[in-house]
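One structure coming up, written as structure tokens, with questions to follow.
Just so you know, these numbers use all the heavy atoms, side chains as well, and skip hydrogens, waters and symmetry mates. Predicted model only: the values in this text are computed from it and were never measured. When a residue number appears, it is its place in the shown sequence, counting from 1.
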Amino acid sequence: MAAPFEPLILQLLRDAPGVSAAEIARRIDWPASASLLRFHVARLRSALLPQAEHRPEQEQGFGSAVLRDFLRGWAECGLWWPPAELDVGHGQTRRCPVLLMVAGASRHVGACLLPSARFRNVWIGQRRLLQEWGAVPHTLRWDTSGIDFPWAWHFETEGWDISWNTYVARAELDDLAVQDRGLPLTGLAAARRLRQSSSASPLPAAPLAFAAGLASWVEETNAAARPAPTRWTEERAAMRAPATVPQLLATRCQGRAVPDTDGYIAVAGNHYLVGPWGARRRLTVELSETEVTIRSSGYHSGGFHVVIYARSWATGIHHTLPRSHTVTGLGSSRSREEAGP
């Protein structure tokens, strides 16, 4: 199947060794599945590697196709762990990571406090940062150390989670490159050192208070990086508009689950009560940074139900009082409020 396309793929890899499989598919008008193309691209790319290893470093220089991709419009991503524990509520304290995202050329910094290092929380945080930037880097270079990736069996019990492979596949569908090894992440390392030197919190702080201090630090850091505002404007223009990245930005931590015999759904280490309308039914569950949303997957007990809970950063808690519970009748655009879950 790939034989007629191999000369074209090899030529593209020689011209731009860092080109993604998604970009190759677009250029050669690949007629088969994306996974099949990724397999052949990886095979042909590895066949070209020995030739690249024997090239003198001076010949590669900043004029190489790989490094040209990193002049503007890319970003480095990774976790930084504050030294102090946070008061996450219900008498619990623990260390919570911070997701740092640093624009490659301008060193513009974005930061977001996360409830844990589970990858679902990392993606929720990055999606928020991308929305704040109003742009999506064409290349995302990751330091994945410290990130908690779920095992395969986890998806059988908590299908609303998100995996690294899903994240990478969605990015490739949008012609974005995701790298988790290779060149040193100097911008990310500098941001970690800078944040570490300015961090002092002897007593456990609440997440909201810590997040407010983090936002102030980000604003001061970006303002002090002269002439970063001008460079950030230029680099942001070199990134992708959010409207052109529909697959990645549409990715949600969403799935389906059945309440247990007591009427609770287990989500992110906690239990959220669902009323009799959801008993023994497979419900849609969505996890965001601040909320847990439980929806009926069809017409259940008088309408379509949506129950929204405030997300708890503590674990092992049974929640019974939602923020809201709305019911929409069949064929109606109006919803009514219900008391309780």
Legend entry - Shortest non-hydrogen separation from Ala117 to Gly146 and the atoms involved: CB-O, 3.3 Å

Inset, instruction - Only counting residues at least two apart or in another chain, list the ones meeting salt bridge (Lys or Arg N to Asp or Glu O under 4.0 Å) with Arg127. - result: none

Inset, instruction - State which residue, out of Leu273, Val307, Thr293, Ile294, fulfils the side-chain contact (heavy atoms from CB on, under 4.5 Å) condition with Pro322. - result: Val307

Legend entry - Separation between NE2 of His40 and CD of Glu6, rounded to the nearest 0.5 Å: 7.5 Å

Inset, instruction - Answer yes or no: is there a donor N or O on one side and an acceptor on the other, between the side chain of Asp180 and the main chain of Thr144, under 3.5 Å? - result: no

Inset, instruction - Could you pull out the closest heavy-atom pair between Asp174 and Pro246, with the gap in Å? - result: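 Taking Asp174 first and Pro246 second, the nearest heavy atoms are OD1-CD, 3.3 Å.
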
Legend entry - Short side-chain donor-acceptor distance under 3.5 Å, Ser116 and Asn121: yes

Inset, instruction - Answer with yes or no whether the hydrophobic clustering places Leu36 together with Leu8; edges join I, L, V, M, F, W, Y residues whose side-chain heavy atoms lie under 4.5 Å apart. - result: yes

Inset, instruction - Mind running side-chain contact (heavy atoms from CB on, under 4.5 Å) on Thr326 and Glu337 for me, showing each step along the way? - result: CA-CA 5 Å; Thr326 59; Glu337 293 285 339; 3.2 Å; yes

Inset, instruction - Report yes or no: does Thr244 contribute a side-chain atom to a donor-acceptor pair with the main-chain N or O of Ala241 at less than 3.5 Å? - result: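 At least one qualifying donor-acceptor pair exists.
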
Inset, instruction - Verify, without hydrogens or angle tests, whether Arg170 (side chain) and Ala250 (backbone) share a donor-acceptor contact under 3.5 angstrom. - result: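 Pair absent, no side-chain N/O of Arg170 close to backbone of Ala250.
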
Inset, instruction - For residues Thr320 and Pro341, report the shortest heavy-atom separation together with the two atoms involved. - result: O-CD, 3.7 Å

Legend entry - Geometric class of the His319/Tyr272 ring pair [parallel <30°, tilted 30-60°, perpendicular >60°]: parallel

Legend entry - Over all atoms of both residues, closest heavy-atom pair of Arg120 and Ala268: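 Shortest heavy-atom separation between Arg120 and Ala268 comes out as NH2-CA, 3.5 Å.
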
Inset, instruction - Indicate yes or no: does Glu235 engage Arg231 in a salt bridge with an N to O separation below 4.0 Å. - result: no

Inset, instruction - Please round to the nearest 0.5 Å and tell me the distance separating atom CG of Leu113 and atom CH2 of Trp80. - result: 9.5 Å

Inset, instruction - Go through Asp175 and Arg240 one step at a time and tell me if the side-chain contact (heavy atoms from CB on, under 4.5 Å) criterion holds. - result: CA-CA 10 Å; Asp175 289 338; Arg240 299 275 299 278; 3.9 Å; yes

Legend entry - Residues forming a side-chain hydrogen bond (donor to acceptor under 3.5 Å, both in side chains) with Arg236, sequence neighbours excluded: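 None.
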
Inset, instruction - For this output row, return yes or no: ring centroids of Trp133 and Trp232 closer than 6.0 angstrom. - result: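 Judged by ring-centre distance (under 6.0 Å), Trp133 and Trp232 do meet the cut-off.
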
Legend entry - Shared hydrophobic cluster for Val122 and Trp81 (ILVMFWY, side-chain gaps under 4.5 Å):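 In one cluster: yes.
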
Inset, instruction - Say whether Trp123 and Leu176 are linked into one hydrophobic cluster, either directly or through other cluster members, by side-chain heavy-atom distances under 4.5 angstrom. - result: yes

Legend entry - Backbone N/O of Phe119 and side chain of Asp148: donor-acceptor pair under 3.5 Å: no

Legend entry - From Glu219 atom CD to Thr221 atom OG1, the distance as rounded to the nearest 0.5 Å: 10.0 Å

Legend entry - pair Thr93-Val88: side-chain heavy atoms closer than 4.5 Å: no

Inset, instruction - Anything under 30° is parallel, anything over 60° is perpendicular, the rest tilted; go ahead and classify His318 against His271. - result: parallel

Inset, instruction - Verify the distance criterion only: is there a donor paired with an acceptor across the side chains of Gln126 and Tyr167 at less than 3.5 Å? - result: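 On atom types as modelled, these side chains qualify, holding a pair under 3.5 Å.
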
Legend entry - Closest non-hydrogen atom pair between Val274 and Pro259, with its separation: CB-CG, 4.4 Å

Inset, instruction - Can you measure from CG (Leu214) to SG (Cys112) and round to the nearest 0.5 angstrom? - result: 8.0 Å

Inset, instruction - Start with the C-alpha distance between Leu12 and Ile28, add both sets of side-chain angles, then the distance that settles side-chain contact (heavy atoms from CB on, under 4.5 Å), and finish with yes or no. - result: CA-CA 10 Å; Leu12 289 172; Ile28 67 175; 3.8 Å; yes

Inset, instruction - Using a 4.5 Å cut-off on heavy atoms from C-beta on, say whether the side chain of Leu283 contacts that of Arg256. - result: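 Answer no - side chains too far apart.
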
Legend entry - Expected output: side-chain Gln179 to main-chain Arg141 donor-acceptor under 3.5 Å: no

Legend entry - Within-4.5 Å side-chain heavy-atom neighbours: Gln247 and Glu172: no

Legend entry - Within residues 307-327 or reaching into it, pairs that qualify as salt bridge (charged side-chain N to carboxylate O under 4.0 Å, His left out) - sequence neighbours excluded: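 Those involving residues 307-327 are Glu291-Arg323.
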
Inset, instruction - Determine whether Val306 and Phe304 fall in the same hydrophobic cluster, where Ile, Leu, Val, Met, Phe, Trp and Tyr are linked whenever their side-chain heavy atoms lie under 4.5 Å apart. - result: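 Different clusters: Val306 never reaches Phe304 through Ile, Leu, Val, Met, Phe, Trp or Tyr contacts under 4.5 Å.
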
Inset, instruction - Please determine, by modelled atom types, if Ser163 and Asn165 share a side-chain donor-acceptor pair under 3.5 angstrom. - result: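 No - no donor-acceptor pair under 3.5 Å links their side chains.
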
Legend entry - From OG1 (Thr166) to CG (Leu248), nearest 0.5 Å: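 One gets 11.0 Å once the value is rounded to the nearest 0.5 Å.
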
Inset, instruction - Decide yes or no on side-chain contact (heavy atoms from CB on, under 4.5 Å) for Val292 and Ile308, but give the supporting numbers first. - result: CA-CA 6 Å; Val292 174; Ile308 299 177; over 6 Å; no

Legend entry - Any residue meeting side-chain hydrogen bond (donor to acceptor under 3.5 Å, both in side chains) with His325, in chain and number order, not counting sequence neighbours: His305

Inset, instruction - Tell me, please, which residues at least two apart from Gln131 pass side-chain hydrogen bond (donor to acceptor under 3.5 Å, both in side chains). - result: none

Inset, instruction - Would you mind reporting whether Leu140 and Pro137 have side-chain heavy atoms less than 4.5 Å apart? - result: yes

Inset, instruction - State yes or no: do Met239 and Leu173 share one hydrophobic cluster built from I, L, V, M, F, W and Y residues joined by side-chain heavy-atom distances below 4.5 Å, directly or via other members? - result: no

Legend entry - Contact summary for Asp143 and Ser145, nearest pair of heavy atoms: OD1-OG, 2.7 Å

Going by atom type alone, with no hydrogens or angles, which donor-acceptor pairs under 3.5 Å involve a side-chain atom of residues 94-102 and a protein atom two or more places apart or on another chain?
from, atom 1, to, atom 2, distance (Å)
Arg94, NE, Pro115, O, 3.2
Arg94, NH1, Trp313, O, 2.8
Arg94, NH2, Pro115, O, 2.9
Arg94, NH2, Trp313, O, 2.5
Arg95, NE, Pro82, O, 3.0
Arg95, NH2, Pro82, O, 3.2

Inset, instruction - Any chance you could measure Leu37, atom CG, to Ile24, atom CD1, to the nearest 0.5 Å? - result: 6.5 Å

